[in-house]
Amino acid sequence: MLGQIVTVTVDRKMGTRHPHFPELVYPVNYGYIRGISAPDGEDQDAYILGINEPVNEFTGKVIAIIHRKEDVEEKWVVIPREQILSREEIAEQVKFQEQYFTTYIEM
């Protein structure tokens with residue numbers, strides 16, 4: 001899926017709180033890709049980076065897959081087509097959530 005163009009439906013907009021952990025505020029938009037099944041059997045989750053405002057939906061390029069070593073879930077990273085982010089920049093922007101897991105970022 002790396003390099004593919006996908007549309008993310010945002011269910012956790014930038015600035016909103018996690019539904020089960022209200023102390024966690026999303027600094028980025030986060031959602032799912034309808035119709036693409038993830039390893040956990042649900043729609044594929046995705047972080048949207050490079051957009052600095054809350055959105056309902058976003059179409060962009062998959063530039064990375066975040067693998068969680070102690071979980072079957074993986075998270076895709078979607079950015080505007082013309083942008084470039086390094087592994088380090090991705091790690092910093094998703095740290096708010098991924099700090100609780102041992103992860104590997106595939107690019």
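Contact record, Gly50 with Gln83: CA-OE1, 3.2 Å, taken as the closest heavy-atom pair. When all heavy atoms of Ala46 and Ile33 are compared, the closest pair comes out as CB-CD1, 4.1 Å. When all heavy atoms of Gly35 and Asp43 are compared, the pair lying nearest together is N-OD1, 3.4 Å. Closest heavy-atom contact between Pro22 and Arg17: O-NH1, 2.7 Å.
The CD1 atom of Ile84 lies 9.0 Å from the CD1 atom of Ile63; values are rounded to the nearest 0.5 Å. The distance from the CG atom of Asn29 to the CG atom of Asn56 is 9.0 Å, given to the nearest 0.5 Å.
The hydrophobic cluster containing Tyr30 does not contain Phe58, counting ILVMFWY residues as joined when their side-chain heavy atoms lie under 4.5 angstrom apart, directly or transitively. Placement of Val94 and Val78 in two distinct hydrophobic clusters is found when ILVMFWY residues are connected by side-chain heavy-atom separations under 4.5 Å, directly or transitively. Under the 4.5 Å side-chain contact rule for hydrophobic residues, Val10 and Val6 share a cluster. A single hydrophobic cluster is not seen to contain both Tyr47 and Ile36; linkage of ILVMFWY side chains at heavy-atom distances under 4.5 Å, directly or through other members, places them apart. Under the 4.5 Å side-chain heavy-atom criterion for ILVMFWY residues, no single connected hydrophobic cluster contains both Trp76 and Met14.
Under a 3.5 Å cut-off, the side chain of Asp11 and the backbone N or O of Tyr32 do not form any donor-acceptor pair. With hydrogens and angles disregarded, no donor-acceptor distance shorter than 3.5 Å links the side chain of Arg34 to the backbone of Thr9. No side-chain donor-acceptor contact under 3.5 Å links Gln93 to the backbone of Ile90. Not a single donor-acceptor pair under 3.5 Å links the side chain of Asp45 to the backbone N or O of Lys75. A distance-only check finds no donor-acceptor pair linking the side chain of Glu73 to the backbone of Gln44 [under 3.5 Å].
Between Leu2 and Glu106, some side-chain heavy-atom pair lies under the 4.5 Å cut-off. Counting heavy atoms from C-beta on, the side chains of Pro80 and Lys61 never come closer than 4.5 Å. The shortest distance between side-chain heavy atoms of Val77 and Ile66 falls below 4.5 Å. Between Gln97 and Leu24 there is a side-chain heavy-atom pair separated by less than 4.5 Å. Looking at heavy atoms from C-beta onward, Ile5 lies in side-chain contact with Thr59 at the 4.5 angstrom threshold.
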*Mind running side-chain hydrogen bond (donor to acceptor under 3.5 Å, both in side chains) on Thr7 and Glu57 for me, showing each step along the way?*
CA-CA 7 Å; Thr7 298; Glu57 187 176 85; 5.5 Å; no

*Does the pair Ile79 and Leu85 meet the rule for a side-chain contact (heavy atoms from CB on, under 4.5 Å), with working shown?*
CA-CA 9 Å; Ile79 65 171; Leu85 290 176; 3.7 Å; yes

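Ring planes of Tyr104 and His67: parallel class, angle under 30° (limits at 30 and 60°). Under the 30°/60° scheme for interplanar angles, the aromatic rings of Phe96 and Tyr26 are found to stand perpendicular.
Remark: Arg68 qualifies as a cation-pi partner of Phe101 under the 6.0 Å distance and 45° angle criteria applied to the six-membered ring.
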